[in-house]
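Data first, discussion second: the structure below is written as structure tokens.
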Amino acid sequence: MKIAFCTPFKPVDHPRVSGDVTIARDLHDALRGFGHTVEVLPFFPAREIYRRPGNWPGAVRALGRMIEAARGADCWLTHGSYYKVPDIFGPTGSARLGIPYFLFQASYARNRARNLATWPGYILNKRTMRRADHVFCNRVNDLAGCARLLPKDCYSFVRPGLPDGLFARDEAARVRLRAEWKAGPDTVVAVCAAMMRPGVKATGVEWTIRACAEAARVCVEAARTMGKGRDLRLVVAGDGPMRAELEAMAHTALGQRAIFLGMVDRADLPGVFSAGDLFAFPGLRESVGMVYLEAQRCGLPVVATDDEGAPHVVAHETSGLITPADEAAFTRGVVALVRDDAFRSRLGAQAAAHATQAHGASVNYLEMARTMERIVSTRRQTP
């Protein structure tokens, strides 16, 4: 198939890589890996476009460019639609071209109809989802919304997946980076990776800092009372407007034990993860949690909360610990893995297998591709 690929959230080549960009790129690569041609359509920012009438003429022109780029395609696939960024392009573009229209990661929430500010986006998104030939949900929470809106055979769940070979344990990087971080044999390195923007992302880093400070205190107390303890490092990858404030907080709580790397290219993240001993980030309102899969693929056990996405990609007490979504419980999870070397090692040894076997894109996205192929074939045969 030739697939016209639309990304109204952010362009696939966005310089600041977020979860949405990562998932879009991985989906693009997986479909190409199955032998399909994927034509990335020109990008136009559609976020809350219903509030910006000045952008409407530009959106109409952008739709024209998208349709031209999509000519000859067998189907139209849009990554992402919800009330803030409804896909205003896919329904019209696919209809004009006479090809099936697919949505990947679409969210329907009826409560958005009760607020005048969000009602226009709610209506546009509702229209979009109803126009789709099939909606693919990579978030369990979205299935309930689809069930309220669509027939059962018009939506399905696609388990989140990582492309094969994209993340793997790197022992050479582990040796090199731990030496740079002055992390000896008795040092436990907790890794965190997040965009440091206001809201739940910054709050999550704050929880992680305080949890690691408590773990460091427990380690010191164990060394004092038992004569045997361990050191700790917190290594944080990521950047954003809250970085300076969070870094200052971490240095106050942990001193030189806190190391902030700034933005790390995705290609370099396997080395950072491999140099760690556990990955800690609560994942408050984390919709999918791709970073947990990346860390697990590199052999890191995860500590996260049950708030949203993490429980669907982390196997509790198999590849990590899923705690209740409160800071005290999350802290206890971090302390437990820092203190118990055998438990931590066992979960880490199982983490890579879990991420590979349950969350490989070559398996999880293949069923999605087959559904698209079936619908495209049926459409071709319909007079």
Side-chain angles (χ1 to χ4, degrees), residues 1-3 5 7 12 19-38 74-75 77-80 100 102-106 132-143 146 152-170 266-267 269-270 273 279 283 286-302 304 308-320 322 347-377:
M1 293 184 298
K2 180 178 179 181
I3 302 167
F5 190 41
T7 58
V12 174
D20 292 327
V21 174
T22 292
I23 293 170
R25 290 180 182 178
D26 290 350
L27 176 60
H28 170 277
D29 293 347
L31 293 171
R32 288 188 60 189
F34 299 145
H36 301 300
T37 300
V38 183
D74 298 295
C75 60
L77 171 63
T78 291
H79 170 244
F102 302 114
L103 269 175
F104 181 88
Q105 191 173 306
D133 289 85
H134 200 90
V135 175
F136 300 98
C137 303
N138 68 333
R139 301 179 295 199
V140 172
N141 292 354
D142 289 339
L143 291 173
C146 285
K152 286 185 178 181
D153 60 349
C154 288
Y155 66 93
S156 56
F157 179 61
V158 179
R159 187 179 291 182
L162 280 178
D164 298 339
L166 185 61
F167 278 76
R169 186 81 167 178
D170 186 340
R266 199 183 188 200
L269 274 176
F273 291 147
F279 182 88
E286 191 78 30
S287 62
V288 178
M290 293 299 292
V291 71
Y292 300 124
L293 290 180
E294 295 168 351
Q296 289 173 100
R297 184 75 73 82
C298 297
L300 283 190
V302 166
E308 280 198 25
H312 305 299
V313 294
V314 179
H316 179 56
E317 294 189 343
T318 296
S319 67
I322 297 296
L347 296 186
Q350 295 167 168
H354 168 72
T356 300
Q357 295 168 9
H359 294 281
S362 62
V363 175
N364 296 358
Y365 290 156
L366 181 58
E367 189 61 33
M368 170 185 169
R370 286 174 173 167
T371 298
M372 293 169 64
E373 291 166 5
R374 174 178 53 79
I375 293 172
V376 167
S377 177

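Values reported hereafter were calculated over all heavy atoms of this structure, with side chains retained and with hydrogens, waters and symmetry mates removed. Here the structure is a predicted model, which is why all the values come from computation and not from measurement.
Here His134 contributes atom NE2 and Leu103 contributes atom CG; the two are 10.5 Å apart, rounded to the nearest 0.5 Å. A distance of 8.0 Å separates CD in Glu367 from OG in Ser156, rounded to the nearest 0.5 Å. Expressed to the nearest 0.5 Å, how far CG of Leu269 lies from CG of Asp170 amounts to 12.0 Å. Taken from CG in Leu293 to CZ in Phe167, the straight-line distance is 10.0 Å, to the nearest 0.5 Å. To the nearest 0.5 angstrom, Glu373 atom CD is 9.5 Å from Cys75 atom SG. Interatomic distance, CZ of Arg370 versus CZ of Phe34, reported as 8.5 Å (0.5 Å rounding).
Contact check on Arg374 versus Asp133 returns no salt bridge, with no Lys/Arg side-chain nitrogen under 4.0 Å from an Asp/Glu carboxylate oxygen. Between Asp29 and Arg32 there is no salt bridge, since none of the side-chain N atoms of the basic residue sits less than 4.0 Å from a carboxylate O of the acidic one. At a threshold of 4.0 Å, the pair Glu308-Arg139 does not count as salt-bridged, since none of the basic side-chain nitrogens sits closer than that to a carboxylate oxygen.
Side-chain atoms of Thr7 and Arg25, non-hydrogen and from C-beta on, never get closer than 4.5 Å to each other. At a threshold of 4.5 Å between non-hydrogen side-chain atoms, the residues Val288 and Asn138 count as touching. Side-chain contact between Pro311 and His316: absent, with no pair of heavy atoms (C-beta onward) separated by less than 4.5 Å. Residues Leu77 and Leu27 are in side-chain contact: their nearest non-hydrogen atoms beyond the backbone lie under 4.5 Å apart. Residues Val291 and Phe273 meet the side-chain proximity criterion, which asks for heavy atoms closer than 4.5 Å. Side-chain contact check for Phe157 versus Asn364: every heavy-atom pair is 4.5 Å or farther apart. In this structure, Ile3 and Leu31 have side chains that are in contact, with non-hydrogen atoms separated by less than 4.5 Å. Side-chain contact between Thr22 and Glu294 is present, with at least one heavy-atom pair separated by less than 4.5 Å.
The two residues Pro160 and Met290 come nearest to each other via the heavy atoms CB-SD, 4.1 Å. Shortest non-hydrogen contact noted between Ala310 and Tyr292 is CB-CE1, 3.6 Å. Here the closest non-hydrogen pair linking Gly348 and Pro301 is CA-CD, 3.6 Å.
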Evaluate the side chain to side chain donor-acceptor pair (under 3.5 Å) criterion for residues Ser319 and Gln296: first the C-alpha distance (whole Å), next the side-chain angles of each, then the deciding distance (0.1 Å), finally the verdict.
CA-CA 7 Å; Ser319 67; Gln296 289 173 100; 2.5 Å; yes
side-chain contact (heavy atoms from CB on, under 4.5 Å), that's the test. Do Phe5 and Thr78 meet it? Break it down for me.
CA-CA 6 Å; Phe5 190 41; Thr78 291; over 6 Å; no
Apply the test side chain to side chain donor-acceptor pair (under 3.5 Å) to residues His354 and Thr318: give CA-CA distance (whole Å), side-chain angles for both, the deciding distance (0.1 Å), then the verdict.
CA-CA 8 Å; His354 168 72; Thr318 296; over 6 Å; no
Do Cys137 and Cys146 pass the side-chain contact (heavy atoms from CB on, under 4.5 Å) test, and can you show the C-alpha distance, the side-chain angles, and the key distance before you say yes or no?
CA-CA 9 Å; Cys137 303; Cys146 285; 3.5 Å; yes
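Aromatic rings from His79 and Phe104 are positioned such that their centres are separated by under 6.0 Å.
Proximity of a side-chain donor or acceptor of Thr356 to a complementary backbone N or O of Ala352 within less than 3.5 Å is detected. Although no hydrogens or angles enter the test, the distance criterion places no donor-acceptor pair under 3.5 Å between the side chain of His312 and the main chain of Gly289. Between the His36 side chain and the Met1 main chain, a donor and an acceptor come within less than 3.5 Å of each other. Not a single donor-acceptor pair under 3.5 Å links the side chain of Tyr365 to the backbone N or O of Pro163. Counting only distance, with no hydrogens or angles, the side chain of Arg169 and the backbone of Cys298 share a donor-acceptor pair below 3.5 Å. Using a distance-only test at 3.5 Å, with no hydrogens or angles considered, a donor-acceptor pair links the side chain of Arg297 to the main chain of Leu162. Gln105 places no side-chain N or O within donor-acceptor distance of the main-chain N or O of Asp142, the cut-off being under 3.5 Å.
Relative orientation of the Phe136 and Phe102 rings is tilted, given thresholds of 30° and 60° on the angle between their planes.
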